[in-house]
Amino acid sequence: MTIPELAYVLNRHAIDEDFEIGNLQEIRKRLRGLKHARRHIFGPQSIHDGYAFHLGSRKGKEIQFNIGLEQREEGEMIRYGVAFSLKTSQTLPRLEPMIPKICRFNRYVNENSEDFPGFVMWHHDDEKHRSEDRAVGSIPDELMKSGVFIMLGARVAHDDLDVREILSVFDRLLPLYRYVEGEEEVPPSTSTPDLKPGCPSFIKKTAARQAGQTVDVALRHNTLQLALYKRLCQEAGDDNVQMERPLALGVRVDAAVRCNGKETFYEVKVASTVRSGVRAALGQLIEYCHWPSADRASEMIVVGEAELDSDSKSYLDLLRQKYGLPIWYRRIDIDNDVLEGKA
């Protein structure tokens, strides 16, 4: 499938299958005070042989939803995600309008780092110098210059192309887009959509370079989520499990299970100990369940690979008894296809 073909397929499926990204032009109309809204994500003016960006983004000087071809060591890949294209042109004669948006981008990714599992960032310049992949984080000042293209997203081989996965990623990145493009703080929705059973096609391979080492934390996280999905479906039924469950405030919990009209939230942590996993997940789960004053889930469960020891069990017992927090831990063993009970 060529990039123009992919762009038109994405346009059609975004609307036909009711993805939120299908409303992108209406969102732009509200944010930018436009009189008219176009219909599709991509259009003839924004589709090229090797790449496409959402219609109006260059003229509007926006962070852009972007697809394109990437030449990598493993062969030709298709990229998808959001990007800053800092190449000056008639529609962008100077970079100054983009600087505040990059600052808003930096603020968002720093304050919402947990929103980007499976994503990486990279950049290249006019000389085709391409960076290595890195973990999602701030855009440094030295990249704020003409000719630089900065991408946050993922890549997929042609044989593994999944249109629904690309649209799901675009949906996940809409809160970032709204924040970057909002002249003021964008008031997040306080309503949580209904649970829609299913599991996205998680990215199969990603690597981020940190402290001189290549780590596959995102890959391991995805592997654990897929194994968790399989086990939860066996326990609760396919119709009652949703992975990457969207909530109010533009956030997502790793998994949600519905039972008797109530939901249980699961947060997966790649951690060497139960203690570090619970520490990383607890604040998230409490926020997901109750911020600002909602009651979205009846139980909160941390999932990890570490074995529960006596200190960890005593700590979780104390959180439940002293503070009334319905917090539990479940160990997952993907080698033996086991999800242990609550502890």
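Below, each value reflects all heavy atoms present in this structure, side chains not excepted, and no hydrogens, waters or symmetry copies.
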Side-chain touch R245/R252, heavy atoms, less than 4.5 angstrom: no
Anything under 3.5 Å between a donor and an acceptor, one on a side chain of residues 234-241, the other on a protein residue two or more places apart or in another chain? List them.
from, atom 1, to, atom 2, distance (Å)
Q234, OE1, R231, NH1, 2.7
E235, OE1, R330, NH1, 3.2
E235, OE2, R330, NH2, 2.7
N240, OD1, R258, NE, 3.3
N240, ND2, A236, O, 2.9

Nearest-0.5 Å distance that lies between atom CD1 in I166 and atom CG in L161: 4.5 Å
Between CD on residue E70 and CD1 on residue I78, distance to nearest 0.5 Å: 11.0 Å
Reported OG-to-CD1 distance for the pair S57 and I63, which is rounded to 0.5 angstrom: 10.0 Å
Q25 side chain to L55 backbone, donor-acceptor under 3.5 Å: yes
Residue pair E62 / R32, side-chain heavy-atom distance below 4.5 Å: yes
For D141, side-chain contact (heavy atoms from CB on, under 4.5 Å) partners two or more places apart: M144
CZ/R72: more than 12 non-hydrogen atoms of other groups inside 6.0 Å: yes
K262 vs E299 side-chain heavy atoms within contact, under 4.5 Å: no
Note, L86 side chain near K145 side chain (heavy atom, < 4.5 Å): no
Check: L24 and H54 side chains under 4.5 Å, non-hydrogen atoms: yes
Step-by-step side-chain contact (heavy atoms from CB on, under 4.5 Å) determination, L224 to V303: CA-CA 9 Å; L224 293 176; V303 177; over 6 Å; no
Shortest non-hydrogen contact from R58 toward K87: NH2-O, 2.9 Å
Student check: side-chain heavy atoms of L173 and F116 closer than 4.5 Å: yes
For R164, all residues meeting side-chain contact (heavy atoms from CB on, under 4.5 Å), sequence neighbours excluded: E17, F19, D162
Euclidean distance, N11 CG relative to I47 CD1, rounded to 0.5 Å: 6.0 Å
Partner residues of E142 under the side chain to side chain donor-acceptor pair (under 3.5 Å) criterion, sequence neighbours left out: none
Between CD1 on residue I139 and CG on residue N106, distance to nearest 0.5 Å: 5.5 Å
Partners meeting ring-ring contact (aromatic ring centres under 6.0 Å, His included) with F84 (sequence neighbours left out): F105
Qualifying side-chain hydrogen bond (donor to acceptor under 3.5 Å, both in side chains) pairs with a residue from residues 42-53, counting only residues at least two apart or across chains: none
For the student: nearest non-hydrogen atoms of A343 and L308, plus distance: CB-CD2, 3.3 Å
Minimal non-hydrogen separation, S276 against A271, with atom names: OG-CB, 3.3 Å
E267: partners by side-chain contact (heavy atoms from CB on, under 4.5 Å), with sequence neighbours left out: V253, D254, K269, A281, Q284, L285, Y288
Side-chain touch V180/Y108, heavy atoms, less than 4.5 angstrom: no
Y329 side chain to G304 backbone, donor-acceptor under 3.5 Å: yes
Pairing of R220 and E305 as salt bridge, 4.0 angstrom limit: yes
List the atom pairs, with distances to 0.1 Å, where a side-chain N or O of residues 318-327 and a protein N or O form a donor-acceptor pair under 3.5 Å, not counting sequence neighbours.
from, atom 1, to, atom 2, distance (Å)
R320, NH1, I327, O, 2.8
R320, NH2, D317, OD1, 2.5

Nearest non-hydrogen partners of I41 and A14, listed with the distance: CD1-CB, 3.8 Å
Set of residues satisfying ring-ring contact (aromatic ring centres under 6.0 Å, His included) with respect to Y229, sequence neighbours excluded: none
Non-hydrogen atoms of D171 and I21 that approach each other most closely: OD1-N, 2.7 Å
Short side-chain to backbone donor-acceptor contact, H123 and R130, under 3.5 Å: no
Results of side chain to side chain donor-acceptor pair (under 3.5 Å) for Q242 - residues two or more places apart only: none
Under 3.5 Å: donor-acceptor pair, side chain of N23, backbone of E26: no
Residue pair R104, Y179: steps toward the side-chain contact (heavy atoms from CB on, under 4.5 Å) verdict: CA-CA 7 Å; R104 290 177 70 82; Y179 185 84; 3.9 Å; yes
Exercise: identify the closest heavy-atom pair between L232 and L339: CD2-CD2, 4.0 Å
Separation between CZ of F53 and CD1 of I67, rounded to the nearest 0.5 Å: 11.0 Å
Between D311 and S314, a side-chain donor and acceptor under 3.5 Å: no
Salt bridge E181-R28, side-chain N to carboxylate O under 4.0 Å: no
NZ or CZ of R79 within 45° of W122 ring axis and under 6.0 Å: no
side-chain contact (heavy atoms from CB on, under 4.5 Å) against A83, all qualifying residues, sequence neighbours excluded: Q64, N66, F149, M151
4.5 Å side-chain heavy-atom contact, V120 and R134: no
Results of ring-ring contact (aromatic ring centres under 6.0 Å, His included) for F170 - residues two or more places apart only: F65
